[in-house]
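Taking it in order: structure first as C-alpha cells, then the write-up.
Per chain, numbering begins at 1; letters A, B, ... match sequence-line order. A quick note: this is a predicted structure, and the numbers were derived from the prediction, not measured.
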There are 2 protein chains.
Amino acid sequence: MRILIVEDDPLHRSYLHEAVRAALPECDTILEAENGHAGEVQARKSRAEHVVMDLQMSERNGIEAARTIWRERPDTKILFWSNYSDEAYVRGVARIVPEGATYGYVLKSTSEERLKLALRGVFMESQCVIDREVRGIQQKSLGNAHGLSDAEYEILVDVALGLTDKAIAQRKKLSLRSVQNRLQQLYEKLDVYEVPGGGSEGWYNLRMRAVAVALLRKVLNASALERAERELRNSGGN
Amino acid sequence: MRILIVEDDPLHRSYLHEAVRAALPECDTILEAENGHAGEVQARKSRAEHVVMDLQMSERNGIEAARTIWRERPDTKILFWSNYSDEAYVRGVARIVPEGATYGYVLKSTSEERLKLALRGVFMESQCVIDREVRGIQQKSLGNAHGLSDAEYEILVDVALGLTDKAIAQRKKLSLRSVQNRLQQLYEKLDVYEVPGGGSEGWYNLRMRAVAVALLRKVLNASALERAERELRNSGGN
DNA sequence: CCAAAATTTGCGGGTTCCCGCAGGACAAGA
DNA sequence: TCTTGTCCTGCGGGAACCCGCAAATTTTGG
C-alpha cells in the first residue's frame, strides 16, 4: 500500500508523514510532493491510489491537482487536509469529485486522533469522512436561505472576473435580461442592500458589492478566482 | 528578556518556540498566544517588548494586532512571520509601522538559519530585517511602472468594498470627477483593457475587472478587504 | 518669484447597469 | 384541461459609469 502526500509546508508535511505512519502500519511507502504540479506528476508516475493533500498551494492548487488525478484514475482515494473551510473550497471540491469516488475533507485544526481516524476511514474502509465544520458549510451552501444555486454561483464568478452582462450572456448562452435577473437574485441572497451609515440610497454599486460580500463571506476566494480566470483565458473568452 | 509569540498554527508555534530558544538564550520567558486578540491582551498584560507574530489569523489578524500593540507601546519590536508576501500584506504592514520602530518581515519558507538571524537582528540589534522576496514586493509596489500610489490604492479599496463613485467622493472629500480620474489611472496601471479572446470591446466591466486583477495579483486580498470593511462600518459610512 | 507639471473640477455625451412590467415557454399537479 | 409556479425574454427609463475636453487650482522646481 502506497500513500502520496501533497503539501507545501514542510512542517505539516512531516507531521502528516508521522500521522500516516502511525495510523496505517500496513502502508509500506510514503511519497511526498511539495506542490500541486509535482503531486500530479508523482501520482501519475507512482500510480498511488491513496493521496492526502492540501488545498491552497502555490504552483497549482489542490483542487486542480485533484481534478487531473481523478481524471486519470477516478478510483483514487483522496483526503483533503486544509486550513480553512471556505465555502469556495468546499464547493470547489464537491464540483470535481467523480461519481462514486471516496474522499475526505478534514481541517488542519482537528485533533491528531480525528486525522488518524480519517486516514483509516478513507483509505482502508472507503468511507467518506467530512469534518463537522466542513459539513456545516456544505449544509449552509445547500440550504437555500442564503445559499446560492449552482447557476447563481456561476454568474457570480463571471461577474467577479469582471465580465459585462453582455459577455456573460454570450458565454452562458442566455439573453441579456436573464443574466440581469440572475444578478438580481444574487443581490437579494447576499444582503447587498444593507447600508452601513444612514439609510441613504445609492451607496453601493450592487455588482461590485455582491462580489465584496461574497469574498467577505468566503463564498468566493482568491483561489476560486484564479481557477476561473485560467479557465476563461484558455476558453478564449466565450 | 521576554518574547511573545502570536501564531495560530500549533506546529508553527512550537517550531517558533524552539527557534527562539535556540537563537536567543538570553531570553528567559516565552509567552504564547493563538490569535490576534489574545496576542493584544497578552502584550498589554506582560508588557512584552519583543513580539514575533503571524499575519492571517482568525479572530483579528496580525496587522490589526500589531497596530494596537504599537499604538500602546510604539517601541515594541515586532517580527512578522508570514506564509505569503502578498503586496496587500506588505503594504498593510508598512502602513502601520510607527516612526522609527524596528520590525522584521520573514517568510515561513525561509531557512531556520535566516529565521534565527532575523530574531537576533530585530530583537538584539534593533535592525530591520526584511526577506529578499518581501523586499522585492516592496520595490515593485513603489516602482510606479505598475505600482499604485497610496491615493490610488485607497480608491481601489473603496471600489472593492462596493461603494459608488459618489459615495467615494463623499468619503474622500473629492469631487465626483476626481474619483473617476483616479479610477481611470487605476484602469491603466492594472492592465484592465487586455482582453482574452479577440479584440472585441465592451468585454469587461472596468470597475469590477480592476478589482479582479488586483486580487489575482495579490495587490488586494481578503484580509485587506475585511479590514477595510470593518473600518467602513464603524466610521458610519462616511 | 515665476513657469512647468500634476491634480482637481465641471460639462457633456455615449454606454452600461439596475429593475419594474408584462408577455411567452415549459413542467407539475388537481 | 386548466391552473399554478418557475424561468426566460423583450421593452423602456432612470441612474450610474466611462471618458474626452478644457478651465481652475495646487504642487513642484528652478
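Each of A/Leu206 and B/Val179 was assigned the nucleotide of DNA chain C with the nearest heavy atom; the assignment lying further toward the 5' end belongs to B/Val179. Across the interface with DNA chain C, nearest-nucleotide mapping of A/Asn181 and A/Lys166 shows A/Lys166 to be the residue nearer the 5′ end.
Nucleotide C/dT15 holds its C1' atom 16 Å from the CG atom of B/Leu183, rounded to whole Å. In this structure, A/Leu163 places its CG atom 20 Å from P of C/dT15, rounding to the nearest Å. In this structure, the CZ atom of B/Arg209 is 19 Å from the C1' atom of C/dC17, given to the nearest Å. Taking atom NZ on A/Lys173 and atom C1' on D/dT9, their separation rounds to 18 Å, with Å as the unit. For the pair B/Gln184 CD and C/dT8 P, the computed distance is 13 Å after rounding to whole Å. Taking atom CD on A/Glu154 and atom P on D/dC7, their separation rounds to 16 Å, with Å as the unit. D/dC18 atom C1' lies 14 Å from atom CD of B/Gln185, rounded to whole Å. Look at CG on B/Leu176: it is 11 Å from P on D/dC18, rounded to the nearest Å.
Side-chain proximity of A/Arg207 to the nucleotides C/dC17, D/dC17, D/dT9 is greatest for C/dC17. When distances are taken from the side chain of B/Arg182 to each of C/dT8, D/dC8, C/dC19, the shortest belongs to C/dT8.
Side-chain contact annotation: A/Asn181 with A/Arg177, donor-acceptor N/O pair under 3.5 Å present.
The number of heavy atoms from other shown groups lying within 6.0 Å of CD (B/Glu34) does not exceed 12. By the 6.0 Å contact criterion, NZ on B/Lys172 is enclosed, its count of non-hydrogen atoms from other residues, nucleotides or ligands being greater than 12. The number of heavy atoms from other shown groups lying within 6.0 Å of CZ (B/Arg132) does not exceed 12.
At the phosphate of D/dC17, neither OP1 nor OP2 sits under 4.0 Å from any side-chain N or O atom of B/Tyr187. Here A/Ser178 does not reach the OP1 or OP2 of D/dC8: none of its side-chain N or O atoms lies under 4.0 Å away. Residue A/Tyr193 has no polar side-chain atom (N or O) positioned under 4.0 Å from OP1 or OP2 of C/dC18.
No donor-acceptor contact under 3.5 Å links the side chain of A/Arg177 to the base of D/dG12. Side-chain to base pairing of B/Gln180 with D/dC19: one donor and one acceptor N or O lie within less than 3.5 Å of each other.
At a threshold of 4.0 angstrom between heavy atoms, the contacts of B/Leu174 are confined to the sugar-phosphate backbone, with no base atom among them.
Looking at A/Gln184 and A/Val192, their side chains never come closer than 4.5 Å, going by heavy atoms from C-beta outward.
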